[in-house]
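See below for the structure under consideration.
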Amino acid sequence: MQTSVVGFPRIGAERELKFASEKYFKGEIGANELKAVAKDLRARHVDIQRVAGIDFIPSNDFSFYDGLLDAACLCGIIPERYTELELSELDTYFAMARGYQGEKGDVKALAMKKWFHTNYHYIVPELEDKTVIGLHGTKPFEEYDEAKERGVETKPVLTGAYTLLELCRYTGTKTREDYLDEIAKVYAEMISRFEERGTKWLQFNEPSVVMDLDHADKTFFVELYKKILAKKGNVKILIQTFFGDVRDIYEDLIEMPFDGIGLDFIEGKQTESLIEKYGFPKEKILFAGLINGKNIWKNDYEKTLQFLKALKDKGTRVVLSTSCSLQHVPYNLTAETGLAEEYKKYFAFAEEKLVELKEIGKLAESDAPEKEPVYRENRSLFAIGRDCADEDVQKRLSEVKEEDYIRLPERKERKKIQKKIGNLPLFPTTTIGSFPQTGDVKKNRSAFKRGEITKEQYKNFNKEKIERAIRWQEEVGLDVLVHGEYERNDMVEYFGESLSGYLFTKKAWVQSYGTRCVKPPIIWGDVSRKSPITVEWSVYAQSLTDKPVKGMLTGPVTIFNWSFPREDISMKESISQIALAIRDEVLDLEKNGIRIIQIDEAALREKLPLRKSDWYREYLDFAIPAFRLVHSGVKPETQIHTHMCYSEFTDIIPAIDNMDADVITFEASRSDLLILDSLKKCNFETEVGPGVYDIHSPRVPSVEEITEALQKMRTKIRDDKLWVNPDCGLKTRGEEETKKSIVNMVKAAAAIRSSHRS
């Protein structure tokens, strides 16, 4: 049986792309050196898959920053404010992704959002009315040619035209319908160019069709591809879907002139039943996504072979595939020398999934797969129960009562108490939590982990950094301070290290956005808190100042969503276990005098089902109460904050208000404060701090820019409910730009207060 990979990780096993890109941004290397690193990575990735025996190897799945941004640039979807900078093609691209501030101008970056329900962030293309869509650039063709020169026939991957138009932001009066002919012409031209090269298969990624589709959506999709495929010639076209099932458009897909259809059997709840009900055309090939591209647990060969046999018995022509791109999992297990074999034998990262593809493909053609050694080895793994249960955790969870999810008194009464005790000014200023993780901070942490310095030396260094941070915040005039989080490597991994039931890796990096990579911990078993995690640092910081210092925690939903989760228990049970562990930390912080506690839920939306009909029953009905469980035990005078970022929140505003926090801060600067209308419409009760500037860009916002943003906020949010803060933590930024930005933010808040008094 042939095998296919939807996409492969692109950052490099040692994060080579990250480090090269950051050197380029700093001017330490030139464009040619950066491009050489990229070319080497692409060659390596193709070779890894070729050696593994994969039949359908992708090309053009590489990106310097983001694949959707690549697709937008390829189609000429570049807002005029970026072309006016008159930068090189590469620097224009990076200006769209990161913003630009220099001698040629000052422009913000494009908006950034979560890629469906993953922790990957994509850059949101903007379509202006004046934009003329056309084929610009040669990236997909060059990368196909590169692999061809190495003797490898690849399957070029392109973001589908429908998904591209669906994820664009339309800044004028035009809609997607106005661009149908233009975009269809571009994609038809790309097919033609690949045909000239003798390309055998071309893959169009269309994840947007797993969303809720109405009649207009389906009509548009069918008409779009009717035009694209009108003269497709000899190139075989694979329409690749992932992250769910295609229940709303399956009947249309199987009737359209696609040569292959990629369906997700992992997250596609109705994929199997759709095939059962409507059949699958014998003249087409089903690319069956049966290898999980989003999680790291090994595949159950017996279960997968049963699926494949059922399909073959129906006469379906099948290619075994990953369920989605492997960019959502780490590269390989080779570097994980610190993980015991008793754990590693249960995991499969990207390269191990290639092995699984090939092994299952061979077993599917065997007359007696159960006699094959690889089958027996896999079977024995799933026959042995993992030692991962904790009776105390399960007992405690079973004893949680309905009243444990309710905080009293109600928020309006708490607000009065907190205003009286807190004595904060109008438009209080704060930051989201983390301060720049400079080289000395990382060096101190690494030296401690390697045993090169004592625990006392490690702590003393961090305390010096905390004291400097507190003094600087006081000097600048921030109202609510933070300790800077110098002791933390990652907002999830740091907490996981103090929770039972977690495993950790050394180099299991996954791209979050651009050059930002994360190393998600693995939830191995039942979770509980072993001992206080943050109390010592928060108490020390508070002892240095009379101003309130926020206790900084990561919430249970985010800890779960930014970990590789278990597959043997429900999401609800796992999140609830984590909620009880973080509840213990909240109560300890309060007991030790911390009056403001921020519980970040940056990833609240991440596991939200893509179909609205499933939102509450399958997620929000337990995710929101889990957050309330974390903070319901605190006193009325303790102020609970939460933070969310880079997701589309406008359609779940009522659920967010139902979290019953006292203050919420969220990303808003990149999306031009569009969420404010939704807050006003829903009569949002929680006090709010929409981000006044974008921390994912190196540019420094002016006082005037921030003041203008605050004035806009005041038209939608009452003055007594408005906080002033950046849109996210400052961990990834440099010290100089951070200080300049915060100074400007405080000055803007002061200007607003002054105008309010006058």
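For the numbers below, each heavy atom of this structure counts, side chains included, while hydrogens, waters and symmetry mates do not. This one's a predicted model, so the numbers in the text were calculated from it and none came from an experiment.
- Put simply, the side chain of Q598 never gets that close to the backbone of I640: no donor and acceptor are under 3.5 Å apart.
- Of the inter-residue distances, the one linking L90 atom CG with Y65 atom OH reads 13.0 Å to the nearest 0.5 angstrom.
- We find the OG1-CE distance between T738 and M745 to be 11.0 Å, quoted to the nearest 0.5 Å.
- Between K465 and D440 there is a salt bridge, with a side-chain nitrogen of the basic residue lying less than 4.0 Å from a carboxylate oxygen of the acidic one.
- Salt bridge D479/R753: present, at least one basic N to carboxylate O contact under 4.0 Å.
- Using a 4.0 Å cut-off between charged side-chain N and carboxylate O, K459 and E536 make a salt bridge.
- Using a 4.5 Å heavy-atom cutoff, the side chains of L167 and F116 are in contact.
- Under the 4.0 Å criterion applied to side-chain N and carboxylate O atoms, K108 and D694 are not assigned as salt-bridge partners.
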**Criterion side-chain contact (heavy atoms from CB on, under 4.5 Å) on T534 and F495, from CA distance to verdict** = CA-CA 9 Å; T534 67; F495 284 90; 3.7 Å; yes

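- Panel note: side chain S512, backbone Y120; no donor-acceptor pair is recorded below 3.5 Å.
- Among all heavy-atom pairs drawn from L544 and R471, the shortest one is O-NH1, 2.8 Å.
- At least one donor-acceptor pair under 3.5 Å links the side chain of E33 to the backbone N or O of G30.
- Rounding to the nearest 0.5 angstrom, the gap separating the CG atom in D40 from the CG atom in L17 is 11.5 Å.
- Rounding to the nearest 0.5 angstrom, the gap separating the CG atom in N462 from the CD atom in E485 is 12.0 Å.
- Note: H641 NE2 to H631 NE2 = 12.0 Å, rounded to the nearest 0.5 Å.
- A donor-acceptor pair is defined here as one N or O able to donate and one able to accept, closer than 3.5 Å; no such pair exists between the side chain of S754 and the backbone of A751.
- A donor-acceptor contact shorter than 3.5 Å links the side chain of Q542 to the backbone of K547.
- Salt bridge status for E22 with K18: present, with a side-chain N to carboxylate O gap under 4.0 Å.
- Side-chain contact between V549 and V482: absent, with no pair of heavy atoms (C-beta onward) separated by less than 4.5 Å.
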**Request:** Test side-chain contact (heavy atoms from CB on, under 4.5 Å) on S434 and R488 and set out the steps.
**Result:** CA-CA 9 Å; S434 59; R488 305 185 190 185; over 6 Å; no

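- The closest donor-acceptor contact from the side chain of E601 to the backbone of T558 lies under 3.5 Å.
- More than 12 heavy-atom neighbours from other residues, nucleotides or ligands sit within 6.0 angstrom of CD on E452.
- Using a 4.0 Å cut-off between charged nitrogen and carboxylate oxygen, K104 and D91 do not count as a salt-bridge pair.
- Checking L676, N725, I664 one by one against V688, the side chain to side chain contact (heavy atoms under 4.5 Å, CB included) holds for a single residue, I664.
- Between H45 and Y331, the ring planes are tilted. Angles from 30° to 60° get that label.
- Across all non-hydrogen atoms, the minimal contact from K442 to Q437 is CE-O, 3.2 Å.
- Summarising the geometry of I599 relative to T554, their closest heavy-atom pair is CG2-C, 4.3 Å, with the distance given to 0.1 Å.
- Annotation: side chain of N119 is not in contact with side chain of N561 (no heavy-atom distance under 4.5 Å).
- The side-chain tip of R10 does not point at the ring of F62 from less than 6.0 angstrom away and within 45° of straight on.
- No more than 12 heavy-atom neighbours from other residues, nucleotides or ligands sit within 6.0 angstrom of NZ on K23.
- Smallest separation of non-hydrogen atoms from I29 and L34: CD1-N, 4.0 Å.
- The pair R81-D106 does not meet the salt-bridge criterion, since no charged nitrogen lies less than 4.0 angstrom from a carboxylate oxygen.
- With salt bridges taken as basic N to acidic carboxylate O contacts below 4.0 Å, none links K463 and E467.
- The CZ atom of F64 sits 6.0 Å away from the CZ atom of F94 when rounded to the nearest 0.5 Å.
- Heavy-atom minimum distance, T686 versus A661: CG2-O, 3.4 Å.
- Judged by the 6.0 Å distance and 45° axis criteria, R445 is not positioned over the aromatic ring of Y458.
- Relative to the ring axis of F435, K731 does not place its NZ or CZ within 45° and under 6.0 Å from the centre.
- Applying the salt bridge (Lys or Arg N to Asp or Glu O under 4.0 Å) definition to pairs two or more places apart or across chains, those involving residues 506-521 are E14-K507, D490-R516, E493-K519.
- Atom NZ of K607 sits in a crowded spot, with more than 12 heavy atoms from other residues, nucleotides or ligands closer than 6.0 Å.
- Each of V746, L481, I742, T545 was scored for a side chain to side chain contact (heavy atoms under 4.5 Å, CB included) with Q473, with one residue passing: L481.
- Judged purely by atom type and a 3.5 angstrom limit, N592 uses its side chain to pair as donor or acceptor with the backbone of D588.
- When atom types are taken as modelled, the side chain of T159 and the backbone of L164 share no donor-acceptor pair closer than 3.5 angstrom.
- In this structure, the side chain of S538 does not engage the main chain of V535 through any donor-acceptor pair within 3.5 Å.
- When all heavy atoms of Y93 and D66 are compared, the pair lying nearest together is OH-N, 3.2 Å.
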**Request:** Let me see the working for D662 and K721 under salt bridge (Lys or Arg N to Asp or Glu O under 4.0 Å), right down to the final yes or no.
**Result:** CA-CA 10 Å; D662 299 305; K721 294 175 63 175; over 6 Å; no

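- Counted within 6.0 Å of CD on E456, heavy atoms from surrounding residues, nucleotides or ligands total 12 or fewer; the atom is thus considered open.
- When atom types are taken as modelled, the side chain of E737 and the backbone of R699 share no donor-acceptor pair closer than 3.5 angstrom.
- Using a 4.5 Å cut-off on side-chain heavy atoms (C-beta onward), V492 and S563 make contact.
- Taking the six-membered ring where the residue is Trp, the centroids of Y513 and H696 are separated by under 6.0 Å.
- With contacts defined as side-chain heavy-atom distances shorter than 4.5 Å, the pair W562/V518 does not qualify.
- Contact check on E16 versus K39 returns no salt bridge, with no Lys/Arg side-chain nitrogen under 4.0 Å from an Asp/Glu carboxylate oxygen.
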**Request:** Tell me, with the steps shown, if Y100 and L85 meet side-chain contact (heavy atoms from CB on, under 4.5 Å).
**Result:** CA-CA 9 Å; Y100 176 86; L85 293 171; 4.0 Å; yes

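- A salt bridge does not link E687 with R718: every distance from a Lys NZ or Arg NE/NH1/NH2 to an Asp or Glu carboxylate oxygen is 4.0 Å or more.
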